[in-house]
**Student:** 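Supplied in structure tokens, the structure appears directly below.
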Amino acid sequence: MISEGKKTLWNDYQKEIADDNYFYARSCIRQNFFPGAEKTFLKILKEELKKDVYDDPRHTTCTGIAYHSDVVSLETTMTVVARQFALMTERGYRNFVPSCITSFGIYTEIMELWEHHPEIEDKIRHLLFKATGREFKVPANLAHSSDIIYKYRNEIAGMSKFKLINKNTGAPLRVVEHIGCHYARMFPHKGIGGAEYPCVLSGLAETFGAEVIDYPERRACCGFGFRQYVIQANRGYSISCSKRKFESMAPYKPDLIITNCPGCPYFLDSWQYVISEMEGKTYGQKGQGIPVLTFEELSGLMMGYNPWDIGLQMHQIPVEPLLDKIGVEYQQDDKYCDAQGRTFGKPVIPEMIKIC
Amino acid sequence: MNSFGFEIQKDNTIEYDKNDLSLAAFVLKHEPSLYNCIQCGSCSGSCPASAISSYQFRKMQLLMRRGEIKNLREDVAHCLLCGKCILVCPRGVNTRNVIRQIRIALNMN
Ligand code: SF4
Ligand code: SF4
């Protein structure tokens with residue numbers, strides 16, 4: 001296939017991203033999976049790019065996982081989302097920035113629904129007012145946090161201490177990416193590069209000097225799939241889907257997987273361990289796994305943040321081989337210590353997958 | 001190996017680039033009426049062999065055309081060559097000759 005024409009076509013998929021004054025909505029699960037990612041995003045925006053970001057402690061889950069698992073109804077989800085918009089409105093913000101791709105999909109879907117069905121919006125306004133006495137404005141701009149990082153990628157790269165270049169060979173690191181289905185699959189025009197040639201992550205990686213590989217299953221689901229994972233008996237569907245992606249990317253010998261969504265890094269990271277335990281199979285070099293980073297963690301790492309301060313010790317697949325390739329210095333002894341130097345316990349060493 | 005309470009499923013991806021499509025090409029060359037098949041399944045519905053085994057003409061020829069031929073020999077061995085499928089086929093596929101050509105290709109005659 002000649003992909004150049006297609007790439008040009010999908011290049012038309014661009015979007016408006018607000019310059020400043022963001023109302024940030026955290027993810028309900030990311031802080032458990034990769035607790036440093038959101039903190040790193042806020043640090044980059046506030047301290048490096050000097051942006052105004054409001055991180056409201058009153059906001060809640062968007063209910064996205066429960067909605068997609070058919071546990072809560074759309075009406076409930078819309079009312080919860082309306083409350084998030086009310087918090088934004090009360091604080092005087094109009095630019096809504098969710099940290100989670102599932103949330104981004106939920107907000108996009110609901111805003112689109114209200115645009116076409118104003119009577120549904122009216123009903124939700126009524127329900128929210130009745131329940132909480134709150135009113136809201138619909139955001140003027142909705143952008144996922146990866147959109148903001150993408151918008152300022154050149155500034156971030158300009159401030160960065162490292163590049164995605166192998167310090168020993170001088171060759172660009174080989175990167176594969178996964179944007180998360182709800183970023184552009186439902187509404188391709190809401191994602192940079194659309195659904196087929198998304199460049200929100202690949203563009204960032206290229207700005208850091210990497211070689212991005214368009215592996216065959218790049219557009220396939222990471223395997224999270226909500227009910228595929230939430231119900232234990234269904235987890236075979238989840239891991240099989242992730243396995244297909246690993247099989248597809250492994251021949252290209254990637255040094256790193258970059259991801260968007262809270263679910264994607266978790267599953268692409270943890271299922272590598274589970275597959276190694278179930279089948280003895282590993283996908284990285286020398287019996288190791290392929291390290292997985294979120295776009296915030298990658299940006300923070302490039303800016304020279306201490307890898308243990310941005311939570312990279314919480315990854316199932318150790319990141320040290322990647323750090324060594326980039327030339328990031330780290331203290332192995334500090335890996336499982338908190339900011340005060342107190343140890344918080346080491347994980348059990350896996351049987352099958354090489355950790356270093 | 002550890003048990004996690006669920007299984008990794010076998011991948012069902014059809015690898016057209018890697019699969020052997022030569023047998024399908026041979027059959028289609030010698031019985032081109034198979035090109036007319038619309039996958040309606042009437043053949044499988046009328047087949048006495050499919051009533052007593054997992055063999056089905058429609059499924060078998062579809063897999064063969066995709067190059068998924070691992071179980072083909074075992075599959076076509078079930079056919080009685082009774083010709084009921086020819087009678088019901090709305091597209092005039094000479095199904096019996098399709099089976100025959102497969103058996104020739106697999107040296108089963
Ligand atoms: S000829 Fe074979 S395939 Fe056709 S109906 Fe008879 S047994 Fe079934
Ligand atoms: S009856 Fe004829 S058209 Fe229908 S599936 Fe069988 S061979 Fe194909």
Side-chain angles (χ1 to χ4, degrees), chain A residues 1 3 214-252 266-283 287 289 316 347-353 355, chain B residues 1-29 32 34-41 44-45 50 53-78 102 105-106:
Chain A
M1 185 185 77
S3 59
D214 190 1
Y215 62 107
E217 296 288 6
R218 179 180 171 193
R219 293 143 196 97
C221 170
C222 71
F224 184 7
F226 307 100
R227 273 191 298 185
Q228 283 95 303
Y229 181 75
V230 173
I231 297 168
Q232 189 194 14
N234 285 353
R235 286 183 192 160
Y237 294 116
S238 173
I239 194 166
S240 307
C241 201
S242 306
K243 187 180 171 199
R244 178 185 288 200
K245 281 184 86 82
F246 298 137
E247 298 279 344
S248 168
M249 65 177 73
Y252 302 93
Y266 183 70
F267 288 97
L268 293 177
D269 189 46
S270 301
W271 280 151
Q272 287 193 63
Y273 156 74
V274 176
I275 292 171
S276 77
E277 293 289 321
M278 285 171 95
E279 297 189 337
K281 179 135 202 210
T282 52
Y283 293 97
Q316 184 80 50
V348 176
I349 294 179
E351 274 179 38
M352 303 307 296
I353 204 157
I355 56 165
Chain B
M1 297 287 139
N2 278 326
S3 168
F4 289 81
F6 51 89
E7 302 287 325
I8 300 177
Q9 288 145 12
K10 192 184 144 290
D11 195 346
N12 278 337
T13 310
I14 300 160
E15 300 267 10
Y16 278 108
D17 294 338
K18 293 185 191 156
N19 282 359
D20 180 4
L21 300 173
S22 61
L23 197 141
F26 174 87
V27 174
L28 284 159
K29 182 172 165 215
L34 186 59
Y35 279 117
N36 297 335
C37 172
I38 53 169
Q39 316 293 345
C40 69
S44 304
S50 74
S53 70
S54 59
Y55 164 71
Q56 293 176 14
F57 182 88
R58 188 195 68 89
K59 180 178 162 196
M60 177 279 295
Q61 60 84 28
L62 187 64
L63 291 175
M64 177 196 72
R65 290 171 76 174
R66 291 172 175 172
E68 308 265 290
I69 53 175
K70 214 167 56 208
N71 301 322
L72 190 61
R73 178 180 293 270
E74 197 187 313
D75 245 10
V76 293
H78 286 107
I102 294 172
L106 295 176

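Keep in mind it's a predicted model, so treat the numbers as computed, not measured. Every chain is numbered from 1 and lettered A, B, ... according to where its sequence line falls, protein lines coming before strand lines. Both backbone and side-chain heavy atoms feed into the values below; hydrogens, waters and symmetry mates do not.
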**Student:** Closest heavy-atom contact between A:M278 and B:E7?
**Tutor:**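 Heavy-atom minimum between the residues: CE-CA, 4.0 Å.
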**Student:** Exactly one of A:R244, A:K245, A:K243 should register a salt bridge (charged side-chain N to carboxylate O under 4.0 Å, His left out) with B:D11. Which one does?
**Tutor:**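 Single pass found, and it is A:R244.
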**Student:** Can you tell if the side chain of B:F4 reaches within under 4.5 Å of the side chain of A:R235, non-hydrogen atoms only?
**Tutor:**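 The answer is no; the side chains never approach within 4.5 Å.
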**Student:** Kindly compute the distance separating CZ (B:F6) from CD1 (A:I239), expressed to the nearest 0.5 Å.
**Tutor:**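 Those atoms lie 5.0 Å apart.
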**Student:** Tabulate, in ascending numerical order, the residues of residues 224-233 of chain A having at least one heavy atom closer than 4.5 Å to a heavy atom of chain B, or enter 'none'.
**Tutor:**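 So the qualifying residues are A:Q232.
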**Student:** Should we say atom OH of A:Y237 is surrounded by more than 12 heavy atoms from elsewhere, each under 6.0 Å from it?
**Tutor:**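 It does not: A:Y237 OH has 12 such atoms or fewer within range.
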**Student:** Is it the case that the side chain of A:S240 and the backbone of B:I8 share a donor-acceptor pair, with hydrogens and angles ignored and the cut-off at 3.5 Å?
**Tutor:**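 It does not hold such a pair.
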**Student:** Could you look at B:Q9 and say if it's the side chain, the backbone, both or neither that has a heavy atom under 4.5 Å from chain A?
**Tutor:**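 For B:Q9, backbone and side chain are both near chain A.
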